[in-house]
Student: 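Following this message is one structure expressed as structure tokens.
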Amino acid sequence: MDPALLRERELFKKRALSTPAVEKRPSQSSESKKKRPRLDQGGSASGSKQNADSSNGSFNAKALSGSSGYRFGVLAKIVNYMKTRHQRGDTYPLSLEEILDETQHLDIGQKQKHWLMTEALINNPKIEIVDGKYAFKPKYNLKDKKALLRLLDKHDQQGMGGILLDDIEEGLPNAQKAIKALGDQIIFVSRPDKKKILFYNDKSCPFTVDEEFQKLWRSIPVDSVDEEKIEEYLKKQGISSMQESGPKRMAPIQKRKNPGSQKRRRFKTHNDHLAGVLEDYVDGPTNKQ
């Protein structure tokens, strides 16, 4: 080995020995800090394990039967099922046990059943009670295509416009088949939000509206304007709005009570023991005999 390197090595050892070194012991706080992450890691590992179990669907849904989320989930499933069977043509009512059996919820608790019977199903606007059982309640309860055509005609005659296709499909069993059978007796109009509206096609007054006028009509937004403001704007433009021309109802005249029909009030009389002595001077003094 090179003697120069050996000398440098010896000099390095001497310098290292001559320099004092103080060893710092780790404090208790630093030890606790080191231990805490291990505990946190263990806790997070157990938490992640629970999350993984729940994501895999291994948790028990019955344990959440008391939570409001589970209760309203069961209610939503029941309402959707009743709507589906109504659209299918099964409009007869069902008992609660039959509904739970067909929706596969027979394992719910007694509190849940009591809540469904006393609050949820009774107060739901889409459920009605028929002879103690439950049935779906659509906005328009239609039996067949003739009922649909009469409803559209009624809306047209009363100036109520059309009806949403969603509402018709909700209340008319096999709605698409009935609509297809009506053919050109109804008209479809699509709104800007892509929802379709059905109108009655009145063939007794056929006329065509100019396309330019249609564009002008649809270009005026009136969604956020009430009828009074629309009428005020029309008056400023020199256009008189259509008023109700039907006969006005007269307010019923109140009959005055006949004063003669009133019962005479009876007054309590006094001094009955002096009936033969006292005289009545209302019509003038009596002549003494």
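For the numbers below, each heavy atom of this structure counts, side chains included, while hydrogens, waters and symmetry mates do not.
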Student: Would you mind reporting whether Ile197 and Phe188 have side-chain heavy atoms less than 4.5 Å apart?
Tutor: no
Student: Determine yes or no for a side-chain-to-main-chain donor-acceptor pair under 3.5 angstrom, with Gln87 supplying the side chain and Glu169 the backbone.
Tutor: yes
Student: Kindly indicate whether the side chain of Leu100, heavy atoms from C-beta on, has any atom under 4.5 Å from the side chain of Lys113.
Tutor: yes
Student: At what distance, to the nearest 0.5 angstrom, does CG of Asn201 lie from CD1 of Ile187?
Tutor: 3.5 Å
Student: Check whether any side-chain heavy atom of Lys196 sits under 4.5 Å from a side-chain heavy atom of Ser190, and report yes or no.
Tutor: yes
Student: Is Ile163 close to Lys139 at the side-chain level, that is, under 4.5 Å between some pair of heavy atoms?
Tutor: no
Student: I'd like a table of donor-acceptor pairs (distance under 3.5 Å, sequence neighbours excluded) in which one partner is a side-chain atom from residues 204-214, with atom names and distances.
Tutor:
from   : atom 1 : to     : atom 2 : distance (Å)
Ser204 : OG     : Asp202 : OD1    : 2.6
Ser204 : OG     : Asp202 : OD2    : 3.3
Gln214 : NE2    : Val209 : O      : 3.1

Student: Taking the side chain as every heavy atom from C-beta outward, state whether Lys143 and Thr91 have any pair of such atoms under 4.5 Å apart.
Tutor: no
Student: For residues Glu97 and Asp101, determine if any side-chain heavy atom of one lies less than 4.5 Å from a side-chain heavy atom of the other.
Tutor: no
Student: Check whether any side-chain N or O of Gln112 sits under 3.5 Å from a backbone N or O of Gly109 as a donor-acceptor pair, and report yes or no.
Tutor: no
Student: Show the atom names and distances, to 0.1 Å, of all donor-acceptor pairs under 3.5 Å that link a side chain in residues 115-129 to residues at least two apart or in another chain.
Tutor:
from   : atom 1 : to     : atom 2 : distance (Å)
Thr118 : OG1    : His114 : O      : 2.6
Asn123 : ND2    : Glu119 : O      : 3.0
Asn124 : OD1    : Lys126 : N      : 2.9
Lys126 : NZ     : Glu170 : OE1    : 3.0
Lys126 : NZ     : Glu170 : OE2    : 3.2

Student: Please step through side-chain contact (heavy atoms from CB on, under 4.5 Å) for the pair Tyr233 and Ile230, ending with a clear verdict.
Tutor: CA-CA 5 Å; Tyr233 175 78; Ile230 294 174; 5.8 Å; no
Student: Are any of the side-chain heavy atoms of Leu96 and Tyr134 separated by less than 4.5 Å?
Tutor: yes
Student: Using side-chain heavy atoms (C-beta onward) and a distance below 4.5 Å, is Leu152 in contact with Gln185?
Tutor: no
Student: Assess whether side-chain contact (heavy atoms from CB on, under 4.5 Å) is satisfied between Lys235 and Glu231, documenting all intermediate values.
Tutor: CA-CA 6 Å; Lys235 286 182 179 179; Glu231 187 176 355; 3.8 Å; yes
